[in-house]
Amino acid sequence: MNESKMALICKALGDENRLQIIKMLTGGELCGCKILDAFNITQPTLSHHMKILTDCNLVNSRKEGKWTYYSINGEKFSEFKSAVSEFTCKTSTTKKSAGNCCCKD
């Protein structure tokens, strides 16, 4: 996953409402109306949040009649988790001064 895609996902997850939506969707697919019922926001605001989550592919959407159903994109979450796990603080075997390294020896 490139840095641009990671940044989009981080921005999407940087909103409390979107994090709560993701948490709700971990229980399975939900209709947009059920998500809306859980928040004190307007339908256009929910649509904005869902667009951000679907544009970065964290959430899948499907239309059924006039309803839209949302679900977690597990593959994208796994890809993101793997990419984030590459960010580790590696300690060196040689002692470095505190001003040159973020790692604690």
Side-chain angles (χ1 to χ4, degrees):
M1 176 177 288
N2 67 37
E3 288 82 4
S4 176
K5 289 180 182 178
M6 287 183 68
L8 283 176
I9 291 172
C10 288
K11 286 179 184 179
L13 295 176
D15 179 89
E16 183 179 340
N17 286 330
R18 290 192 287 271
L19 283 173
Q20 289 176 357
I21 290 167
I22 293 295
K23 189 173 182 180
M24 288 177 68
L25 292 175
T26 60
E29 182 180 72
L30 289 172
C31 177
C33 62
K34 295 292 183 189
I35 298 169
L36 186 60
D37 286 346
F39 293 91
N40 188 22
I41 58 175
T42 64
Q43 191 280 325
T45 300
L46 177 64
S47 292
H48 172 75
H49 287 308
M50 299 315 294
K51 179 171 178 19
I52 290 170
L53 291 170
T54 57
D55 283 353
C56 69
N57 294 315
L58 287 179
V59 171
N60 298 315
S61 68
R62 68 175 181 88
K63 294 283 262 180
E64 190 173 297
K66 63 179 182 173
W67 307 111
T68 303
Y69 292 85
Y70 298 97
S71 61
I72 293 287
N73 182 344
E75 185 177 314
K76 184 56 72 174
F77 263 99
S78 293
E79 184 182 344
F80 179 67
K81 181 180 174 182
S82 176
V84 168
S85 73
E86 292 178 16
F87 293 107
T88 58
C89 187
K90 298 178 178 138
T91 57
S92 173
T93 56
T94 60
K95 185 124 177 128
K96 295 183 180 182
S97 68
N100 293 332
C101 182
C102 67
C103 303
K104 295 183 174 139
D105 295 52

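Evaluation of the side chain to side chain contact (heavy atoms under 4.5 Å, CB included) rule for Ile9 yields Met1, Leu13, Cys56, Leu58, Lys76, Phe80 as partners, not counting sequence neighbours.
What you find for Lys34 and Leu30 is that their closest heavy atoms are CB-CD2, 4.4 Å. Smallest separation of non-hydrogen atoms from Leu46 and Gly32: CD2-O, 3.4 Å. Of all non-hydrogen atoms in Arg18 and His49, the two that sit nearest each other are NH1-ND1, 2.9 Å. Nearest approach of Thr54 to Lys51, heavy atoms of both residues: OG1-O, 3.1 Å.
No donor-acceptor pair closer than 3.5 Å links the side chain of Ser82 to the backbone N or O of Ser78.
If you take CG on Asn57 and CD on Glu79, they are separated by 9.0 Å, rounding to the nearest 0.5 Å. To the nearest 0.5 Å, the span separating CD on Gln20 from CG on Leu25 amounts to 12.0 Å. To the nearest 0.5 Å, atom CD1 of residue Ile21 and atom CD1 of residue Ile41 are 5.5 Å apart. Note that OH of Tyr70 and CE of Met24 are 12.5 Å apart. Values are rounded to the nearest 0.5 Å. Within the model, atoms CD of Gln43 and OG1 of Thr45 stand 8.5 Å from one another, a figure rounded to the nearest 0.5 Å.
If you chain together hydrophobic residues whose side chains sit under 4.5 Å apart, Ile72 and Met50 fall into the same group. No single ILVMFWY cluster, assembled from side-chain heavy atoms under 4.5 Å apart, contains both Leu19 and Ile52. Residues Val59 and Leu36 share a single hydrophobic cluster, defined by chaining ILVMFWY side chains whose heavy atoms lie under 4.5 Å apart.
Counting non-hydrogen atoms of neighbouring residues, nucleotides and ligands closer than 6.0 angstrom, the CG atom of Asp37 exceeds 12 such neighbours.
Look at Arg62 and Glu29 and you find a salt bridge, because one of the NZ, NE, NH1 or NH2 atoms lies within 4.0 Å of a carboxylate O, short of that distance.
Side-chain contact check for Ile22 versus Phe77: some heavy-atom pair is nearer than 4.5 Å.
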